[in-house]
Amino acid sequence: MSDKITLNIEGKTVDCPVITGTEGDKAIDIGKLRAATGYITMDPGFGNTGSCKSAITYLDGDKGILRYRGIPIEHLAEKSSFTETAYLLIYGKLPDRKEMDAFSSSFNEHSMIHEDMKNFFDAYPSSAHPMAILSAMVCSMSAYYPDMIKENPTKEDIDRIAVQLLSKVRTICAFSYKKSIGEPFVYPRHDLMYVPNFLNMMFASPTRPYKLVEEAVQALKVLLILHADHEQNCSTSTVRLVGSSHANLYASISAGICALWGPLHGGANQAVIEMLEEIHADGGDVQKYVAKAKDKTSGFRLMGFGHRVYKNFDPRAKIIKQKADELLNKLGIHDPLLDIAKRLEEAALKDEYFIARKLYPNVDFYSGIILKAIGIPLKMFPVMFAIGRMPGWIAHWKEMIEDPTTKIGRPFQIYIGSPSRDYVPIEQRG
Ligand code: CMC
């Protein structure tokens with residue numbers, strides 16, 4: 001097998017090394033193409049472009065495989081905890097008991113936010129989207145912990161910011177929810193694990209203790225694990241791109257949160273429930289919405305359907321659908337939206353339009369049903385995705401910044417604007 005591909009363009013040749021990954025994936029390194037031939041490659045939306053080598057997550061979209069550091073997500077969802085999965089993603093190995101205990105206890109140490117930052121919550125209108133609050137608060141952490149944002153952070157600095165972000169983000173999210181409903185903040189507790197601690201901060205109040213429901217804790221844990229990383233998606237690529245300028249970790253992750261917010265990415269879980277509610281209110285005719293999604297003039301897409309990489313099934317969606325069923329059964333909830341979701345999936349999967357384009361339910365299609373059953377308000381759905389994705393963003397930023405071959409991200413373009421022309425003073429313009 002050749003270790004290089006020779007391109008010949010207008011009589012100029014360039015040897016492009018072939019890069020092969022652990023699982024046999026192949027890339028052509030076109031790094032010398034422009035210098036040798038004057039050509040760049042064009043790939044809007046990066047549908048066929050690799051931006052880095054990474055040892056964090058492996059994804060095979062045709063086979064429906066997703067592994068973190070080599071371990072299938074099915075195993076992690078069943079056997080691991082969110083904090084252990086976070087450790088695995090960030091440090092590349094499963095922690096031993098001592099490492100796990102130290103990692104968990106540092107979550108407690110960093111769970112509070114700076115008292116002055118609490119004033120921020122008063123400045124936001126109660127209608128503020130929690131993603132706006134989250135991205136602003138995460139970026140603001142760089143102002144409150146300035147000693148952590150050195151030009152060349154040490155390994156210890158990065159470790160500290162990582163655990164700080166993982167822990168504090170949960171507090172920020174719960175506080176922003178409390179603020180939106182006008183209830184006092186509930187502080188994090190040292191005796192609770194990551195997920196129960198979050199649920200307690202969300203749903204306990206001074207007059208009403210929150211009774212933890214084990215099924216809800218388990219379902220949320222699985223959801224967070226399944227969202228923890230997804231290699232070079234839009235928000236993670238944003239984190240890497242922003243971080244490639246050596247912007248600090250808080251700023252880079254704040255940018256990632258903004259990228260995640262969009263309805264084509266992490267905002268899709270909110271959009272799915274809004275769509276299912278609309279179908280429900282409109283009489284539940286799923287065929288009507290399948291037809292609308294096929295009509296290119298409608299501007300409507302089936303939210304929670306389709307994926308850039310998965311062309312067979314999304315392994316996360318498979319687990320989440322099962323968890324949604326289990327949770328609703330255990331809680332004795334009958335949610336008509338789950339029925340609509342199942343009927344919609346069935347109708348779409350039989351439809352030639354969806355079959356031809358290999359459009360399947362993605363991670364967001366059933367996750368909203370779980371979040372709704374737990375009592376998480378709709379606007380917080382993308383925030384839950386952000387809490388889940390935090391370990392992945394940190395792992396990618398760390399991998400990027402620790403790699404001495406990383407360059408600042410700076411793509412090219414083909415200019416299609418006006419050719420050179422003279423400036424005309426305003427008095428002389430017609
Ligand atoms: N409903 C109807 N048609 C669709 C849909 C959909 N959900 N998704 C893709 N298509 C069509 C699209 O119109 C195009 O058709 P044609 O070839 O005739 O022009 C074809 O399928 C390919 O679509 P694309 O937009 O070129 O595909 P993409 O890889 O650029 O986009 C996507 C992927 C996820 C943005 C897109 O499928 C989509 O908009 N889905 C709905 C939003 C959604 O659920 N997003 C969450 C993604 S999973 C969570 C995450 O990791 O972000």
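Nothing fancy with the numbering, it's 1 onward along the sequence. First listed ligand is number 1; within each ligand, the first listed atom is number 1.
Checked against the 6.0 Å centroid criterion, the rings of Phe185 and Phe175 qualify as a close aromatic pair. Taking the six-membered ring where the residue is Trp, the centroids of His230 and Tyr68 are separated by 6.0 Å or more.
When the ring-ring contact (aromatic ring centres under 6.0 Å, His included) test is applied to Phe381, no partner is found at least two apart in sequence or on another chain. Residues that satisfy the side chain to side chain donor-acceptor pair (under 3.5 Å) test with Lys398, not counting sequence neighbours, are Glu402. Every ring-ring contact (aromatic ring centres under 6.0 Å, His included) that Tyr194 has, sequence neighbours left out, goes to Phe82, Phe107.
Annotation: ligand 1 has protein neighbours Pro263, Leu264, His265, Ala268, Ala293, Lys296, Arg301, Leu302, Met303, Gly304, Phe305, Gly306, His307, Arg308, Tyr353, Arg357, Leu359, Asn362, Val363, Asp364, each with a heavy atom less than 4.0 angstrom from the ligand.
Note: Ile65 CD1 to Glu74 CD = 9.0 Å, rounded to the nearest 0.5 Å.
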